Protein chains: 4
Amino acid sequence: MRGRPRDPRVEEAILRATLDLLAESGYTRLSIEAVARRAAVSRPTVYLRWRSKAHLVHEAVFPDMTAEELPVPANATFAEDVRHLVDGAVVYLSRPEVLAATPALMAEFADDPQLHRLMAARLDDRIRARLREHVAGAVARGEVRAGLDADVLLDAITGSVLFMLLIRPADAHRFAGALTDLLLHGLLTP
Amino acid sequence: MRGRPRDPRVEEAILRATLDLLAESGYTRLSIEAVARRAAVSRPTVYLRWRSKAHLVHEAVFPDMTAEELPVPANATFAEDVRHLVDGAVVYLSRPEVLAATPALMAEFADDPQLHRLMAARLDDRIRARLREHVAGAVARGEVRAGLDADVLLDAITGSVLFMLLIRPADAHRFAGALTDLLLHGLLTP
Amino acid sequence: MRGRPRDPRVEEAILRATLDLLAESGYTRLSIEAVARRAAVSRPTVYLRWRSKAHLVHEAVFPDMTAEELPVPANATFAEDVRHLVDGAVVYLSRPEVLAATPALMAEFADDPQLHRLMAARLDDRIRARLREHVAGAVARGEVRAGLDADVLLDAITGSVLFMLLIRPADAHRFAGALTDLLLHGLLTP
Amino acid sequence: MRGRPRDPRVEEAILRATLDLLAESGYTRLSIEAVARRAAVSRPTVYLRWRSKAHLVHEAVFPDMTAEELPVPANATFAEDVRHLVDGAVVYLSRPEVLAATPALMAEFADDPQLHRLMAARLDDRIRARLREHVAGAVARGEVRAGLDADVLLDAITGSVLFMLLIRPADAHRFAGALTDLLLHGLLTP
DNA sequence: TTTTAAGCGAGACGGTACGTCCAGTCTTAAG
DNA sequence: CTTAAGACTGGACGTACCGTCTCGCTTAAAA
């Protein structure tokens with residue numbers, strides 16, 4: 001490690017400012033200029049760490065956590081697990097910074113394949129991998145229909161909740177239960 | 001109607017340019033400046049018709065169609081209908097302009113409640129209303145579990161497909177079938 | 001002529017601010033940023049008219065005058081004319097804006113051939129052309145040695161005065177007389 | 001003398017890089033950053049030796065030579081000496097680094113009085129002092145008009161040549177002779 | 001020999017300015 | 001009397017350098 005080491009307080013202050021501004025003003029109105037100002041840091045210092053607003057926001061909203069992440073609680077039954085997953089998705093995605101950042105970052109994918117890869121990989125490593133194992137266990141125990149694709153389940157949970165929160169947030173409180181039932185039992189009469 | 005009449009070709013050219021640029025460069029890189037340039041029109045001419053980039057894109061990507069829209073085909077069984085809905089969502093949301101515009105417009109909701117209302121209403125009037133009737137019929141015929149919320153179903157289909165297309169488009173071809181099965185039968189073993 | 005016409009007060013204010021800042025802070029410390037601020041104008045508005053700091057300063061310090069320029073006064077004798085030319089050069093080049101701008105613009109020639117051509121041409125059209133005629137007349141009258149090159153004379157006057165003002169301005173008040181004598185009679189004993 | 005001694009190759013490399021970049025790109029485009037890069041040296045190392053770009057360039061272009069400098073050749077007649085001085089000025093000031101640096105350094109005088117003093121003193125000690133003696137001798141011998149100011153003569157030579165080289169270098173080859181004649185004999189008919 | 005002061009490279013950092021792009025609003029002439 | 005084009009303010013972009021700083025490592029004279 002050569003050269004003057006980075007001051008960790010700088011990084012903290014920038015990420016903190018990013019989250020605050022995201023929650024206050026949304027993604028579009030967030031500017032690197034404003035983040036730097038709020039963090040009492042110069043603009044070039046921000047660019048020293050993140051190549052763009054999108055990367056900065058990604059880091060702030062989806063930090064590269066290790067194992068202490070929320071993931072896949074182990075309850076008595078897989079049905080309970082699904083219920084917890086859906087509830088967790090609603091809670092997490094409802095946070096103003098997260099709700100503001102997620103669709104915006106996805107909109108940037110077209111312009112920034114690197115961001116796409118980074119975000120997909122982070123989700124994959126953290127969440128999908130565990131859910132796959134979890135589903136495999138439940139299938140082995142006979143709880144879950146063989147052939148269930150864990151990735152499809154995750155997309156169904158995350159995508160449905162996100163879309164609902166964005167397009168008709170008034171229904172958020174009733175949504176989790178209904179979605180859970182749909183995913184567990186399907187819509188056809190038995 | 002006094003004064004010089006609007007040239008209808010101007011409107012066409014602007015919307016055409018918007019769709020082209022969306023598909024080519026994505027939402028972020030699309031600017032009203034660039035649209036005006038491509039449409040061989042001045043910037044104020046665009047502002048005369050649409051209040052912002054978001055409204056312009058909304059008009060271009062989700063035009064205010066009447067009844068000739070794709071929605072809710074009536075097949076022999078409701079299961080068939082669901083399958084068609086999912087397939088249709090994949091096809092429609094895969095179009096580059098649509099895929100680029102949708103998350104971006106959703107990201108603008110925070111800054112522009114009017115846009116939010118407009119987009120939600122358009123979806124509601126066109127699609128949700130019909131799906132509600134359709135579900136009611138299927139429930140009455142005993143095909144579908146009583147208590148199924150048509151809005152939840154729609155969010156589940158649209159949200160899941162959109163999320164999948166954005167985050168891991170490589171799986172698009174296998175997704176529709178798996179999602180349809182999950183929605184029809186649920187994930188638990190019968 | 002379509003569109004909104006340029007506001008002439010904008011041009012005035014920018015040139016005025018440029019001259020003021022030149023005199024106050026010199027060329028290096030002058031920034032387009034500061035000029036815009038002082039002129040109460042936005043930076044892009046400055047760039048709308050001049051491509052660089054050098055071109056702006058050139059316009060401000062050496063405006064494209066027509067005939068009302070100082071040039072080549074017609075006195076009783078050519079010797080008197082030379083004396084006036086030297087005095088005029090001292091007075092003009094002593095002005096802080098001019099003294100600050102001239103060497104700086106010349107230093108930019110290496111980077112900006114267009115500026116070089118512009119500045120040379122402006123000097124040529126305004127001053128050199130007239131001095132050539134004037135010298136020709138004096139030669140015809142027998143006042144001046146045949147073969148005197150008017151351009152060399154101009155360079156000798158301007159260059160000597162400028163160099164002196166820059167390198168040892170303390171001598172400015174004694175310089176004009178000494179230089180005039182040297183140019184008129186030469187340094188050799190008769 | 002404690003501590004690690006300075007590596008003399010570092011100084012050399014920096015000055016070499018400075019001269020090269022001056023000749024290639026001119027003074028404005030020269031940056032300490034670029035010099036350091038070219039000399040394979042870190043930026044702080046440059047600042048360890050010179051306070052600014054101007055001082056660095058001054059050192060590179062006008063090094064503090066002692067007696068082996070070009071000045072004031074002693075020929076048979078003073079007229080010959082003048083001719084040599086003018087020719088020497090043309091040759092020296094034509095070198096690209098010198099021609100690029102000279103006006104730029106003069107432009108910095110306004111911001112940096114120390115640089116002004118340094119440069120004036122170096123010229124004074126090296127050249128003016130000798131020329132004064134030389135002129136005194138020629139006056140004593142009766143070759144040169146009494147009252148000739150050696151400093152004015154030096155300014156006339158240096159300033160005229162420099163101005164000509166900067167503003168209309170195309171005439172460089174014809175200039176020396178014409179200027180010499182003018183300085184020796186004056187412009188009036190005898 | 002072991003200090004120990006300086007040289008040096010690398011990089012971080014707060015600044016300032018750059019030149020550009022775009023957003024919106026205005027002013028004017030054309031239709 | 002609206003449409004349409006250019007001028008204009010203003011904000012932000014991403015980059016280049018500046019000059020200073022903190023490190024860690026190297027070098028060689030002094031202790």
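These figures come from a predicted structure and were not determined experimentally. Worth knowing before you read on, the calculation uses all heavy atoms, side chains too, and leaves out hydrogens, waters and symmetry mates. Each chain gets a letter, A, B and so on, in the order the sequences are listed, and its residues count up from 1.
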Using side-chain hydrogen bond (donor to acceptor under 3.5 Å, both in side chains) as the criterion, list what pairs up with [X], not counting sequence neighbours.
X: Glu33(A); result: Arg37(A), Arg43(A)
X: Ser42(A); result: Thr45(A)
X: Glu59(B); result: none
X: Arg6(B); result: none

Sequence neighbours excluded, the answer for ring-ring contact (aromatic ring centres under 6.0 Å, His included) partners of His55(D) is none
ring-ring contact (aromatic ring centres under 6.0 Å, His included) with His58(B): which residues, sequence neighbours excluded?
Phe62(B)
Using the salt bridge (charged side-chain N to carboxylate O under 4.0 Å, His left out) criterion, which residues pair with Arg117(B)? Sequence neighbours excluded.
none
Side-chain donor-acceptor distances from residues 98-110 of chain C under 3.5 Å, at least two apart:
from: Thr102(C); atom 1: OG1; to: Val98(C); atom 2: O; distance (Å): 2.6
from: Glu108(C); atom 1: OE1; to: Thr28(D); atom 2: OG1; distance (Å): 3.1
from: Glu108(C); atom 1: OE2; to: Tyr27(C); atom 2: OH; distance (Å): 2.9

Rounding to a whole Å, what distance do you find between [X]:[atom1] and [N]:[atom2]?
X: Trp50(D); N: dC18(F); atom1: CH2; atom2: C1'; answer: 18 Å
X: Leu48(C); N: dT20(E); atom1: CG; atom2: P; answer: 12 Å
X: Ile14(A); N: dA12(E); atom1: CD1; atom2: P; answer: 12 Å
X: Asp111(A); N: dC13(F); atom1: CG; atom2: C1'; answer: 15 Å
X: Arg51(C); N: dC18(E); atom1: CZ; atom2: P; answer: 15 Å
X: Glu108(C); N: dC18(E); atom1: CD; atom2: C1'; answer: 14 Å
X: Lys53(A); N: dG14(F); atom1: NZ; atom2: C1'; answer: 14 Å

Pairing string, 5' to 3', for DNA chain E - Watson-Crick or wobble contacts under 3.5 Å, brackets [ ] where pairs cross, | to another strand
|||||||||||||||||||||||||||||||
To the nearest 0.5 Å, what is the distance between CG (Asp112(B)) and NZ (Lys53(B))?
13.0 Å
Closest contact, heavy atoms only, Ile167(A) versus His116(B):
O-NE2, 3.2 Å
By nearest-nucleotide position on DNA chain F, the 5'-leaning member of Ser52(D) and Ser52(A) is Ser52(A)
Quick check: on DNA chain F, is the nucleotide nearest Arg49(C) upstream (toward 5') of the one nearest Asp7(B), or the reverse? Name the residue that is more 5'.
Asp7(B)
List the atom pairs, donor and acceptor, that lie under 3.5 Å between side-chain atoms in residues 11-19 of chain B and the rest of the protein, sequence neighbours left out.
from: Arg16(B); atom 1: NE; to: Asp20(B); atom 2: OD1; distance (Å): 3.4
from: Arg16(B); atom 1: NH2; to: Asp20(B); atom 2: OD1; distance (Å): 3.2
from: Thr18(B); atom 1: OG1; to: Ile14(B); atom 2: O; distance (Å): 2.7

Residue pair Ala40(D)/Arg6(A) against DNA chain E: nearer the 5' end by closest nucleotide is Ala40(D)
With a 4.0 Å heavy-atom cut-off, tell me which residues in residues 17-39 of chain D come close to DNA chain E, sorted by residue number.
none
Closer than 4.0 Å, any side-chain N/O of Thr45(C) to the OP1 or OP2 of dA7(F)?
no
Would you indicate, yes or no, if dA5(F) has its OP1 or OP2 atom less than 4.0 angstrom from a side-chain nitrogen or oxygen of Ser42(B)?
yes
Nucleotides 25-28 of chain E: which of its N/O atoms have a protein N/O under 3.5 Å away?
from: dC26(E); atom 1: O2; to: Arg4(C); atom 2: NH1; distance (Å): 3.0

